[in-house]
Amino acid sequence: VQLQASGGGLVQAGGSLRLSCAASGLSFSRYVMAWFRQAPGKEREFVSVINWSGFSTYYTDSVKGRFTISRDNAKNTVYLQMNSLKPEDTAAYYCAARQGDYSTEAQSYNYWGQGTLVTVSS
């Protein structure tokens, strides 16, 4: 199983980025997909999750209304559209996959991508 995250970069506050995570080696449409992030010196935290169909999503409070998670099961890819970025969004962003119900707990996810770095300047 491989999860390949991409789309990170340097952006000014108020700007936008779209992260992508391409999955291979698993039946993608059967997996819940999530994004987590880890800022320097901090623990990894939950950002957003989407169920297998894409009809159910959940966000941590700090990104609600600014970030949108989506998936394309035909392309085995999950996305995170990030708008109105803030310096506090600066972190390495990781995609993760699990079967079953969706979860905000990192330890419940079986597969992880390598992370893509997002830096938001003020």
Pairs where residues 88-122 contributes a residue and the test disulfide (SG to SG under 2.5 Å) is met, not counting sequence neighbours: Cys21-Cys95
Taking it one step at a time, do Asn73 and Tyr31 satisfy side chain to side chain contact (heavy atoms under 4.5 Å, CB included)? CA-CA 10 Å; Asn73 287 343; Tyr31 280 77; over 6 Å; no
Show, in sequence, the C-alpha distance, side-chain angles and deciding distance for Tyr93 and Gln38, and conclude whether the side chain to side chain contact (heavy atoms under 4.5 Å, CB included) test is met. CA-CA 7 Å; Tyr93 283 72; Gln38 187 167 18; over 6 Å; no
Which Ile, Leu, Val, Met, Phe, Trp or Tyr residues join Leu10 in one cluster when any pair of side-chain heavy atoms under 4.5 Å counts as a link? none
Going by heavy atoms in the side chains, are Val118 and Thr90 under 4.5 Å from each other? no
Please round to the nearest 0.5 Å and tell me the distance separating atom OG of Ser122 and atom CD of Glu88. 10.0 Å
If two hydrophobic side chains count as joined below 4.5 Å and joins carry through other members, does Leu17 share a cluster with Leu80? yes
Evaluate the criterion side-chain hydrogen bond (donor to acceptor under 3.5 Å, both in side chains) for residue pair Thr77 and Asp72; output intermediate values, then yes/no. CA-CA 5 Å; Thr77 302; Asp72 185 337; over 6 Å; no
For the atom pair OG1 (Thr68) and CE (Met82), what is the distance rounded to the nearest 0.5 Å? 11.0 Å
Can you hop from Trp35 to Met33 via hydrophobic side chains spaced under 4.5 Å? yes
Check against salt bridge (charged side-chain N to carboxylate O under 4.0 Å, His left out), Lys86 and Asp89: CA-CA 5 Å; Lys86 304 176 181 180; Asp89 294 319; over 6 Å; no
With sequence neighbours left out, what residues match Ser84 under side chain to side chain contact (heavy atoms under 4.5 Å, CB included)? Arg66
If I take atom CG from residue Leu26 and atom CG from residue Leu3, how far apart are they, to the nearest 0.5 angstrom? 6.5 Å
In terms of relative ring orientation, are Trp112 and Phe36 parallel, tilted or perpendicular, with 30° and 60° separating the classes? tilted
Report yes or no: is the cationic atom of Arg44 (NZ for Lys, CZ for Arg) closer than 6.0 Å to the six-membered ring centre of Tyr94, at no more than 45° off its axis? yes
Report the C-alpha separation of Ser56 and Tyr102 in whole Å, then their side-chain angles, then the decisive distance to 0.1 Å, and conclude whether the side-chain hydrogen bond (donor to acceptor under 3.5 Å, both in side chains) test is met. CA-CA 9 Å; Ser56 182; Tyr102 65 54; 3.2 Å; yes
Please tell me whether Phe46 and Tyr59 form a close aromatic pair, meaning their ring centres lie under 6.0 Å apart. no
Applying side chain to side chain contact (heavy atoms under 4.5 Å, CB included) to Gln81 and Leu19, what does each step give before you reach the verdict? CA-CA 6 Å; Gln81 177 66 44; Leu19 306 183; over 6 Å; no
